[in-house]
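Okay, so here's the structure we're looking at.
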Number of protein chains: 2
Amino acid sequence: MICLNSELDIPLYRQLSTQIMESLVRGELSTGDTLPSVRALAGDLGVNMHTVNKSYHDLEAKGIIEIVAKKGAVIKAQDQKITTQRLEHLSSEFKPMVVEALLSGMDETKIHTLITNIISTVRED
Amino acid sequence: MICLNSELDIPLYRQLSTQIMESLVRGELSTGDTLPSVRALAGDLGVNMHTVNKSYHDLEAKGIIEIVAKKGAVIKAQDQKITTQRLEHLSSEFKPMVVEALLSGMDETKIHTLITNIISTVRED
DNA sequence: ATTTTTGTTCTATATTAAGTATAACAGATC
DNA sequence: GATCTGTTATACTTAATATAGAACAAAAAT
């Protein structure tokens with residue numbers, strides 16, 4: 001179940017993108033599945049059509065879904081090869097947080113444990 | 001050496017905060033050290049005084065420095081105890097990236113390796 | 001004691017991101 | 001043919017980011 005919170009300082013369209021990606025990780029969504037229409041989902045979530053549309057295009061830019069004009073959005077098959085470019089992108093996004101964690105007094109082992117716990121909660125929730 | 005890039009879609013004040021935190025991790029800055037005045041650093045970096053000021057207050061909010069009015073900004077001693085609250089905050093910030101990494105085809109082991117590499121580059125650079 | 005430097009505060013402006021709102025278009029579906 | 005679809009366009013609001021200039025009062029330097 002998707003649940004958005006406008007009180008958070010995370011944009012609604014990004015909350016939606018993340019939660020759809022989490023559903024994919026959990027296996028609640030699989031390759032070939034069709035996402036609801038932007039109007040239908042916007043109605044369900046109580047947000048504007050354009051907010052959902054932006055999220056879908058966000059997911060398309062990430063290579064997660066494919067939007068077929070005037071038909072709908074379909075989950076794409078995930079590449080199992082990680083490109084060097086993609087790895088560098090992920091690295092630059094992780095870096096500021098790793099620095100923050102280190103300054104909070106966490107060592108490498110504790111950060112690994114944190115990551116492991118996050119993976120567990122994403123898979124179980 | 002601090003280097004800002006206005007072409008990136010990361011705010012200048014946040015780039016500055018992160019790079020100061022990296023200097024701390026590397027040991028180039030230590031508890032008790034004084035940061036340059038907001039005007040001096042702004043002049044060196046070619047940005048506005050208020051941008052540096054915002055970064056300093058960002059670091060103060062994170063508990064990294066202490067700003068003494070009309071004197072300067074000093075590096076605070078870092079807490080070595082991680083509160084549950086802080087851990088949950090870090091967890092919620094890491095989560096969207098962990099999900100992205102998983103969908104990129106990375107498994108838990110590969111994410112751990114990525115984190116290890118990031119820590120190495122931050123400490124050596 | 002005067003000057004300079006300091007962080008702070010205020011006003012102002014410009015740009016961009018985020019979100020909502022409405023409308024119209026044209027292809028796909030029923 | 002009517003409905004649903006993603007798309008596109010315009011318009012508006014709010015907030016974040018960044019720059020700019022000015023003024024204030026306390027600290028530091030001379």
Side-chain angles (χ1 to χ4, degrees), chain A residues 2-21 29 32-76 92-93 96 100, chain B residues 2-21 29 32-76 92-93 96-97:
Chain A
I2 289 169
C3 159
L4 304 183
N5 183 357
S6 55
E7 305 254 323
L8 300 177
D9 59 351
I10 302 165
L12 295 175
Y13 83 93
R14 192 167 295 277
Q15 289 182 42
L16 179 54
S17 300
T18 301
Q19 291 190 34
I20 289 172
M21 288 191 284
L29 286 173
D33 287 354
T34 304
L35 294 178
S37 76
V38 290
R39 283 177 238 254
L41 187 52
D44 283 352
L45 300 176
V47 298
N48 193 272
M49 179 198 78
H50 298 297
T51 303
V52 177
N53 199 42
K54 189 168 189 175
S55 173
Y56 281 11
H57 281 275
D58 193 35
L59 291 170
E60 192 181 38
K62 289 189 202 298
I64 305 216
I65 67 175
E66 184 174 7
I67 301 175
V68 184
K70 281 132 196 175
K71 286 188 71 178
V74 186
I75 307 287
K76 283 212 313 186
S92 68
E93 287 204 322
E100 272 200 56
Chain B
I2 289 168
C3 161
L4 305 183
N5 183 357
S6 55
E7 305 255 324
L8 300 178
D9 58 351
I10 304 164
L12 296 174
Y13 84 94
R14 192 168 295 277
Q15 289 183 41
L16 179 54
S17 300
T18 301
Q19 291 191 33
I20 289 172
M21 288 191 283
L29 286 173
D33 286 355
T34 305
L35 294 178
S37 74
V38 289
R39 283 178 238 253
L41 187 52
D44 283 351
L45 299 177
V47 297
N48 193 272
M49 180 198 79
H50 298 296
T51 304
V52 177
N53 197 44
K54 188 167 189 175
S55 173
Y56 281 12
H57 281 274
D58 192 35
L59 291 170
E60 192 181 39
K62 289 190 202 297
I64 301 196
I65 67 176
E66 184 175 6
I67 300 176
V68 184
K70 283 132 196 177
K71 287 188 71 179
V74 185
I75 308 289
K76 283 214 311 186
S92 69
E93 287 205 320
M97 288 182 197

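In this text the structure is predicted, and so the values were computed from the model without any measurement. When reading the values below, keep in mind they use all heavy atoms of this one structure, side chains included, and skip hydrogens, waters and symmetry mates. Below, chain A is the first sequence line, B the second, and so on; all start at residue 1.
From the 5' end on, the contacts that DNA chain C makes with chain A at under 4.0 Å to a non-hydrogen atom open and close at C:dA18 to C:dT29.
B:M21 CE to B:L29 CG: the interatomic distance, rounded to the nearest 0.5 Å, is 12.0 Å. Here the CD-CG distance, from B:E66 to B:L35, works out to 12.0 Å after rounding to the nearest 0.5 Å. Atom CD1 of A:I75 sits about 8.0 Å away from atom CD1 of A:I64, to the nearest 0.5 Å.
The side-chain contact (heavy atoms from CB on, under 4.5 Å) search around B:P11 returns B:Y13, B:R14, not counting sequence neighbours. Taking the side-chain contact (heavy atoms from CB on, under 4.5 Å) definition, one finds that A:D9 meets it with nothing, sequence neighbours left out. Listed by chain and number, the residues in a salt bridge (Lys or Arg N to Asp or Glu O under 4.0 Å) with B:K62 are A:E100 (sequence neighbours excluded).
Partner of A:Q15 under the side-chain contact (heavy atoms from CB on, under 4.5 Å) criterion, out of A:L8, A:L45, A:V47, A:I2: A:L8 alone. Just one residue in the list A:L16, A:T18, A:I20 forms a side-chain contact (heavy atoms from CB on, under 4.5 Å) with A:L59, and that residue is A:I20.
Among pairs with a residue in residues 39-57 of chain B, those fulfilling side chain to side chain donor-acceptor pair (under 3.5 Å) read B:S17-B:S55, at least two apart in sequence or across chains.
Scanning all heavy atoms of the two residues, the minimum distance from A:I65 to A:A73 falls at CD1-CB, 3.9 Å. Minimum heavy-atom separation, A:G63 to A:K76: O-CE, 3.4 Å.
Contacts with DNA chain C (heavy atom under 4.0 Å) in residues 44-61 of chain B: B:M49, B:H50, B:N53, B:H57, listed by number. For DNA chain D, the neighbouring residues in residues 3-19 of chain B, judged by any heavy atom under 4.0 Å, are B:P11, B:L12, B:Y13.
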Produce the list of close N/O pairs, under 3.5 Å, pairing protein atoms with atoms of nucleotides 28-30 of chain D; give distances to one decimal.
from   : atom 1 : to    : atom 2 : distance (Å)
D:dA28 : OP1    : B:K71 : NZ     : 3.4

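At least one side-chain heavy atom of A:Q19 sits less than 4.5 Å from a side-chain heavy atom of A:L4.
Fit an axis to the five pairs at each end of the helix from C:dA1-D:dT30 to C:dC30-D:dG1 and the two axes sit 30° apart, to the nearest 10 degrees.
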